[in-house]
Asks: 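To start, I am sharing the structure in question, which I have written as structure tokens.
A quick note: this is a predicted structure, and the numbers were derived from the prediction, not measured. Throughout, residue positions are numbered sequentially from 1 according to the sequence presented.
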Amino acid sequence: MTVVRLPLFPLNSVLFPGLVLPLNVFEARYRAMMRDLAERPEDDRRFAVIAIRDGREVAPTAQGMPDATLPTAEGPAAGFGDDPLQAFHTVGCVADAATIRAKSSAADSGYEVLATGTTRFRLRSVDASGPYLTAETEELEEDHGEGAGALASGVVRAFRTYQKRLAWANERTLSSGQDLPADPSVLSYLVAAAAVLDVPAKQQLLEAPDTAARLGQELKLLRQESALLGKLPSLPAVDLTRQPTSPN
């Protein structure tokens, strides 16, 4: 069991290994985090991303938040209650910050960050004693499980059908003959990230005990979603390949 303490970055979304994560960092606690990470060697800029179960990604003091008359919320755990550990899901993903760029405008002292998910972790504890949250994380190994190869073939077919149904529902042309990865684990994470699902569903996929279990869940979800899309009229456009920049 490998336990590592890392800076903790809570989000209202789920990060998967291999997924690129753009961040627009403007809040004081996260600016402090990125400042510290930027001072480290480029190969040691890791932080832990965890999906929020209950709480706010942005503290109530941030510009544009409602109820400015409320008492000022400050500190690394602002918005997450007295016990931040309870506000987060238990499994997250380590992110490697490839780019941390300070914004040039004097009026905007934030950072633009481009990170990539690497490995899953289990959240063991949260420390709010510093300028930003840190967490004790236990790395989770990825086992293929039984029958991952056969399930991967089924998921590829189901995902292709899902893409076509989604493109049709959005009245868009499907422009992709791009090959999907052959590795069942990489495929499982790509499909989990690309499918249009809510946070609890994506979190369940992240927490799957092995690749085969994740692929089995995805096969069921893709078939359900494709059947539903086949019965619906046109939907608002959704881009499967683009992850929105998270405003933090």
Asks: Give a yes or no on whether the backbone of Gly145 and the side-chain of Asp143 come within a donor-acceptor separation of less than 3.5 Å.
Replies: no
Asks: Answer with yes or no whether the hydrophobic clustering places Val156 together with Val186; edges join I, L, V, M, F, W, Y residues whose side-chain heavy atoms lie under 4.5 Å apart.
Replies: no
Asks: Hey, could you give me the CG/CG distance between Leu15 and Leu23, rounded to the nearest 0.5 Å?
Replies: 9.0 Å
Asks: Inspect the surroundings of CD in Glu146 and state if more than 12 heavy atoms from other residues, nucleotides or ligands are less than 6.0 Å away.
Replies: no
Asks: For Pro7 and Arg40, work out which heavy atoms get closest and say how close.
Replies: CG-NH2, 4.3 Å
Asks: Kindly write out the residues that satisfy side chain to side chain donor-acceptor pair (under 3.5 Å) with Gln204, not counting sequence neighbours, or none if the list is empty.
Replies: none
Asks: So which atom in Ala32 and which in Pro131 form the shortest heavy-atom distance, rounded to 0.1 Å?
Replies: CB-CB, 4.2 Å
Asks: Output, in order, the C-alpha distance, side-chain angles, deciding distance and verdict of side-chain contact (heavy atoms from CB on, under 4.5 Å) for Phe159 and Leu187.
Replies: CA-CA 10 Å; Phe159 185 62; Leu187 173 71; over 6 Å; no
Asks: Is the shortest heavy-atom distance from the side chain of Met34 to the side chain of Phe9 under 4.5 Å?
Replies: yes
Asks: Measure the shortest side-chain to side-chain distance between Thr90 and Glu207 over non-hydrogen atoms and say whether it is less than 4.5 angstrom.
Replies: yes
Asks: Can you tell which of Leu6, Asp96, Leu37, Thr134 makes a side-chain contact (heavy atoms from CB on, under 4.5 Å) with Phe47?
Replies: Leu37
Asks: Mind listing the closest non-hydrogen atom pair of Ala77 and Ala128 along with its distance?
Replies: CB-CB, 4.1 Å
Asks: For Thr119 and Leu140: C-alpha separation, side-chain torsions, deciding distance, then whether side-chain contact (heavy atoms from CB on, under 4.5 Å) applies.
Replies: CA-CA 7 Å; Thr119 57; Leu140 293 177; over 6 Å; no
Asks: In terms of heavy-atom contacts, does CD of Glu42 have more than 12 from other residues, nucleotides or ligands at under 6.0 Å?
Replies: no
Asks: Under the 3.5 angstrom rule, does the side chain of Ser185 hit a backbone N or O of Thr211 as a donor-acceptor pair?
Replies: no
Asks: Would you say Pro10 and Tyr30 make side-chain contact, with heavy atoms under 4.5 Å?
Replies: yes
Asks: Quick check: closest heavy atoms across Glu225 and Val196, and the distance to 0.1 Å?
Replies: OE1-O, 4.4 Å
Asks: Would Arg31 and Tyr111 satisfy side-chain contact (heavy atoms from CB on, under 4.5 Å), going step by step from the backbone distance to the final call?
Replies: CA-CA 7 Å; Arg31 291 203 311 268; Tyr111 291 86; 4.2 Å; yes
Asks: Would a distance-only check, ignoring hydrogens and angles, find a side-chain to backbone donor-acceptor pair under 3.5 Å from Arg214 to Leu205?
Replies: yes
Asks: Could you measure the distance from the OG1 atom of Thr137 to the CG atom of Leu123? Nearest 0.5 Å is fine.
Replies: 8.0 Å
Asks: Do side-chain atoms of Arg46 reach the backbone of Ala97 as a donor and acceptor pair under 3.5 angstrom?
Replies: no
Asks: With heavy-atom distances below 4.5 Å as the criterion, would you say the side chains of Phe121 and Val91 are in contact?
Replies: no
Asks: Any side-chain to backbone donor/acceptor pair from Lys202 onto Ala195? Under 3.5 Å, distance only.
Replies: yes
Asks: Do Phe80 and Leu133 come within less than 4.5 Å of each other through their side chains, counting heavy atoms only?
Replies: yes
Asks: Side chains of Pro184 and Leu215: closer than 4.5 Å at any heavy-atom pair?
Replies: yes
Asks: How many angstroms lie between atom CZ of Arg53 and atom CD of Gln203, to the nearest 0.5 angstrom?
Replies: 8.0 Å
Asks: Could Glu136 and Arg122 be called an ion pair, given the rule that one side-chain N must be under 4.0 Å from one carboxylate O?
Replies: no
Asks: When you compare the side chain of Val155 with that of Tyr162, does any pair of heavy atoms fall below 4.5 Å?
Replies: no
Asks: Would you sort out whether Glu138 and Thr2 count as a side-chain hydrogen bond (donor to acceptor under 3.5 Å, both in side chains), showing the intermediate values?
Replies: CA-CA 6 Å; Glu138 175 192 344; Thr2 303; over 6 Å; no
Asks: Working to the nearest 0.5 angstrom, can you tell me the gap between Met33 CE and Tyr132 OH?
Replies: 6.5 Å
Asks: Give the C-alpha distance, both sets of side-chain angles, the deciding distance and a yes or no for side-chain contact (heavy atoms from CB on, under 4.5 Å) between Leu190 and Leu19.
Replies: CA-CA 7 Å; Leu190 184 148; Leu19 183 67; over 6 Å; no
Asks: So how far is it from Leu8 CG to Ile50 CD1, rounded to the nearest 0.5 Å?
Replies: 6.5 Å
Asks: So how far is it from Lys103 NZ to Phe26 CZ, rounded to the nearest 0.5 Å?
Replies: 8.5 Å
Asks: Taking all non-hydrogen atoms of both residues, which atom of Ser13 and which atom of Ala51 are closest, and how far apart?
Replies: O-CB, 3.5 Å
Asks: I'd like to check Ser188 versus Glu218 (side-chain heavy atoms, cut-off strictly below 4.5 Å). Are they in contact?
Replies: yes
Asks: Take atom CZ in Arg5; do more than 12 heavy atoms of anything else shown fall under 6.0 Å from it?
Replies: yes
Asks: Around Asp82, counting heavy atoms of other residues, nucleotides and ligands shown, do more than 12 lie under 6.0 Å from its CG?
Replies: no
Asks: Please name the pair of heavy atoms, one in Ala95 and one in Ala115, separated by the smallest distance, quoted to 0.1 Å.
Replies: CB-CB, 4.1 Å
